[in-house]
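For reference, the structure is listed below as structure tokens.
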Amino acid sequence: EAAEDVADALKALEPLFPSLSLGEPAFFGEDAGTCLASLEKLHRGASVVLASHEGLAFRCPDAGSYARSRLRLRLGGGLSRSALLERLGALGYRRVDFVESPGEYAARGAVVDLFPLEPPEALRILYDGDDMESLRRFDPQTQMPHPDFLREAWVMPARLDPELASSRNTLGARLAP
């Protein structure tokens, strides 16, 4: 809660310092899901990292291992529906009937819905056989798709591979100069 207050204060100061673009801060605290989402923010270049003592002890992979663990979805990328479903399970996504929350995926016929942790925007993928035909965001509450199509999207792990997140690789060690 205190970290969120600091983030809000930094956001409020941005108009006073237009050349200082801080962007969305990465939070590392007690919640594992927030830490995982923050790893993605860190990977994407977050300039502000807010961490509690517990957050600094968060076991995480090194930057290269994390980058290789992500899944790139793109039209014409050659990722079959069955391979996508297998990979989502391996990344720690939980299969459900209808996607409502980050970390979930659903498969119904040619449609695969998934909700990455970061950015927290649900994605709908439509397959034609083994070819990814369309990729776009959708609203999980109404199940209505966003009108704009995407060419690609990145899916981050919803759970860390224990081998990648060894006790030597803590957030504090990763951030140390």
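Heavy-atom basis, side chains included; hydrogens, waters and symmetry copies ignored.
In plain terms, the two heavy atoms of Phe115 and Pro140 that are nearest each other are CE1-CG, 3.5 Å. Contact record, Leu36 with Ala158: CD1-O, 3.1 Å, taken as the closest heavy-atom pair. Contact detail for Cys60 and Arg174: the closest heavy-atom pair is SG-CD, 4.1 Å. Residues Leu91 and Ser69 come closest through the heavy atom pair CD2-O, 3.3 Å. Across all their heavy atoms, Gly33 and Leu117 have their closest contact at O-CD1, 4.3 Å. Listed here is the closest heavy atom pair of Ala107 and Arg95: CB-NH2, 3.2 Å.
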Can you check side-chain contact (heavy atoms from CB on, under 4.5 Å) on Phe58 and Leu39, steps first, answer last? CA-CA 10 Å; Phe58 177 68; Leu39 270 181; 3.9 Å; yes
Can you list the steps and then say if Glu152 with Arg72 is a side-chain contact (heavy atoms from CB on, under 4.5 Å)? CA-CA 7 Å; Glu152 73 174 17; Arg72 181 181 182 195; 2.6 Å; yes
Residues Arg70, His43; criterion side-chain contact (heavy atoms from CB on, under 4.5 Å); working and verdict: CA-CA 10 Å; Arg70 298 164 75 235; His43 178 78; 3.1 Å; yes
Going through the distances and angles, do Thr34 and Phe28 end up as a side-chain contact (heavy atoms from CB on, under 4.5 Å)? CA-CA 7 Å; Thr34 302; Phe28 290 90; over 6 Å; no
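Expressed to the nearest 0.5 Å, how far SG of Cys35 lies from CG of Leu42 amounts to 11.5 Å. The line from CZ of Phe149 to CG of Leu75 is 9.5 Å long, rounded to the nearest 0.5 Å. Going from atom CG of Leu50 over to atom OG of Ser38 covers 9.0 Å, rounded to the nearest 0.5 Å. Rounding to the nearest 0.5 Å gives a distance of 6.5 Å between CZ of Phe27 and NZ of Lys41.
A salt bridge does not link Arg44 to Glu118: none of the charged nitrogens lies less than 4.0 Å from a carboxylate oxygen.
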Just list the side-chain donor-acceptor pairs under 3.5 Å for residues 130-138, sequence neighbours left out, or say none.
{"unit_1": "Arg136", "atom_1": "NH1", "unit_2": "His146", "atom_2": "O", "d": "3.3"}
{"unit_1": "Arg137", "atom_1": "NE", "unit_2": "Glu121", "atom_2": "OE1", "d": "2.9"}

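Judged as a side chain to side chain contact (heavy atoms under 4.5 Å, CB included), and not counting sequence neighbours, the contacts of Arg108 are Phe98, Ala106, Val111, Asp113, Arg124, Gln143.
Under the 4.5 Å side-chain contact rule for hydrophobic residues, Val155 and Leu126 do not share a cluster. In the hydrophobic clustering of ILVMFWY residues, with side-chain heavy atoms under 4.5 Å counting as a link, Leu123 and Leu79 come out together. Connection of Ile125 to Leu71 is established within a shared hydrophobic cluster, with ILVMFWY side chains joined at heavy-atom distances below 4.5 Å, either directly or through further cluster members. The cluster map of Ile, Leu, Val, Met, Phe, Trp and Tyr, joined by side-chain heavy atoms under 4.5 Å apart, puts Trp154 and Met156 in different clusters.
Screening Val112, Leu114, Leu150 against Leu73 for a side-chain contact (heavy atoms from CB on, under 4.5 Å) leaves a single residue, Leu114.
Looking at Arg59, its side chain never comes within 3.5 Å of a backbone N or O of Leu171 through a donor-acceptor pair. Remark: the backbone N or O of Ser82 is not paired with any side-chain donor or acceptor of Glu86 at under 3.5 angstrom.
Counting non-hydrogen atoms of neighbouring residues, nucleotides and ligands closer than 6.0 angstrom, the CG atom of Asp148 exceeds 12 such neighbours.
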